[in-house]
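See structure below.
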Amino acid sequence: MIIVHLKPGREKSLLRRHPWIFSGAIDRVVGEPASGETVGVRSADGAFLGWGAWSPASQIRLRMWRFGEGEPPGPALFRERIARALALRRALPENLLEPESACRLIHAESDGLPGMIVDRYGPWLVAQFLSAGAEAWREELLAALREALEEIPCQGIYERSGADAREKEGLPPRSGRLWGEEPPELVPFVEGPCRLLADPRLGHKTGFYLDQRLNRAAVARWATGREVLNVFSYTGGFGLRALMAGASRVTQLDSSGPSLALGRQILALNGLPEERVEEIEDNAFERMRRFRDSRRAFDLIILDPPKFAETSAQVEKAARAYKDINLLGCKLLRPGGILATFSCSGGMETPLFRKIVADAALDAGRDAQVVESLGQPGDHPVNLAFPEGEYLKGVICRVG
Ligand code: SAH
């Protein structure tokens, strides 16, 4: 058994059940672990702390599979963790396991399975193995998943292990059919009153932004009779939901032509009148400046930008981008308008995000009041021992 010995004092986070060990916390390694190999972890005074997966390429050198004594990871542990993850989804008050609905079934570290993500779109699953440990155990994890799925109809499992996260772990990107049938090019599913389509092969993440499900519903409640600007719209989820709720008009703005085109297809699927929707393919910063210069105004603006900060080190630069976009958002709102603004940067904590929005309102000379605070839905749980799992935050403000 390969053993990793930590430096004195560096066992503290592990004792609080935080699953990451950074390279700087490691004193020495007895043995030569391969990428993803299971290692035992001991504190400087020799206490056994648990089992982790070795990741030689990453700053996060170890991700814990299990804390304390107990069997090393293997099929039994994977079955137990997956069963627990499914039990949580079953317990959520939203009927997320209905045949046509979609949700995240496994949310990596936050469900005790570091690096493993599984999203479900109706009978199709899309999986990601994003850490060296998950990669090393992929067959066993997949077998445990299939066993657990016996009660959920599943036609096929497709892999969409994205390049960015895997690169940090020294793994090449990987995608393709893992089990069962190939999913169709576009996978239909239902979210509230909307019929949606996910593109598991070319779409973002596993094909759709499932994490904004409840926030799309929350924002739509403010949309009735309002003229909406949906910035960073992707395939238009927020805008579609707003239309369903009676928005008078929606402008979907995104730099990705294919995403907007798919949005148009989704709109048709829902039988909504095309003349109430306008799509603009452009850089959001530039187009919003042009709107400001031409004095175009809206009643509800949604800002759901991509992750501007990957790490806390990039937060400062990201803060400027968030400030810019929120400043423009405030300026484009009619008096009494609604700003629904989000950040999905894990490195940006809620207080800082709020301060940025506050600064933006101040610079725009507008008075802004938070009327709703938003976060992640229960199928993207945050394990309290792992605050890094909390990445999505948002506020709905009334801008005077
Ligand atoms: N709100 C969406 C998800 C948004 S994801 C939903 O609910 O599904 C972020 C989007 O921002 C992506 O679609 C990406 O294409 C777009 N994007 C990234 N940089 C951009 C920029 N500078 N201008 C406009 N769109 C951008």
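In this chain, residues are counted from 1 in sequence order. Values in this document were obtained by computation on a predicted structure and should not be read as measured data. The basis for the numbers below is simple: all heavy atoms, side chains too, and nothing from hydrogens, waters or symmetry mates. Just so you know, ligand 1 is whichever comes first in the structure, and atom 1 is the first atom listed for that ligand.
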Sequence neighbours excluded, which residues qualify as side chain to side chain contact (heavy atoms under 4.5 Å, CB included) partners of P273?
E275, R276
Looking only at distance, does D304 have an N or O less than 3.5 Å from an N or O of ligand 1?
yes
Taking the non-hydrogen atoms of S259, is any one of them nearer than 4.0 angstrom to ligand 1?
no
Please verify the inter-ring angle class for Y322 with F353; under 30° counts as parallel, over 60° as perpendicular, anything in between as tilted.
perpendicular
Do any heavy atoms of A284 fall under 4.0 Å from ligand 1?
yes
Considering both backbone and side-chain atoms of S255, is one of its nitrogen or oxygen atoms within less than 3.5 Å of a nitrogen or oxygen in ligand 1?
yes
Residue F238 vicinity, atoms of ligand 1 by number, heavy atom under 4.0 Å:
1 (N), 7 (O)
Taking only residues two or more places apart in sequence or in another chain, which ones pass side chain to side chain contact (heavy atoms under 4.5 Å, CB included) with E227?
S248, R249, R296, F298, D299, R334
Below 4.0 angstrom from a heavy atom of S256, which ligand 1 atoms are there? Numbered from 1 as shown, please.
15 (O)
Yes or no on side chain to side chain donor-acceptor pair (under 3.5 Å) for Y209 and D304, after CA distance, side-chain angles and deciding distance?
CA-CA 11 Å; Y209 289 88; D304 183 24; over 6 Å; no
Determine the interplanar angle of the F238 and F342 rings, folded into 0 to 90°, and report it as parallel if under 30°, tilted if 30 to 60°, perpendicular if over 60°.
tilted
Among all protein non-hydrogen atoms, which one is nearest to atom 18 (C) of ligand 1, and what is the separation to 0.1 Å?
P306 CG, 3.5 Å
Of K205, Q376, H380, which meets side chain to side chain donor-acceptor pair (under 3.5 Å) against D211?
K205
Heavy-atom nearest option to atom 8 (O) of ligand 1, drawn from K205, Q212, E281, R216:
R216
Taking only non-hydrogen atoms of H204 and a 4.0 Å limit, the atoms of ligand 1 in range are 12 (C), 13 (O), 14 (C), 15 (O)
May I ask you to list the atoms of ligand 1 that are less than 4.0 angstrom from any heavy atom of Y234?
2 (C), 3 (C), 4 (C), 8 (O), 13 (O)
F129 six-ring face occupied by R174 cation (under 6.0 Å, within 45°):
no
Please report which non-hydrogen protein atom sits nearest to atom 4 (C) of ligand 1, along with the residue it belongs to and the distance in Å to one decimal place.
F232 O, 3.1 Å
Compute the shortest N/O to N/O distance between F208 and ligand 1 and return yes if it is under 3.5 Å, no if not.
no
Look at atom 15 (O) of ligand 1 and say which protein heavy atom is nearest, naming residue and atom and giving the distance to 0.1 Å.
D254 OD1, 2.7 Å
Look at ligand 1 and say whether D282 reaches it with a heavy atom at a distance under 4.0 Å.
yes
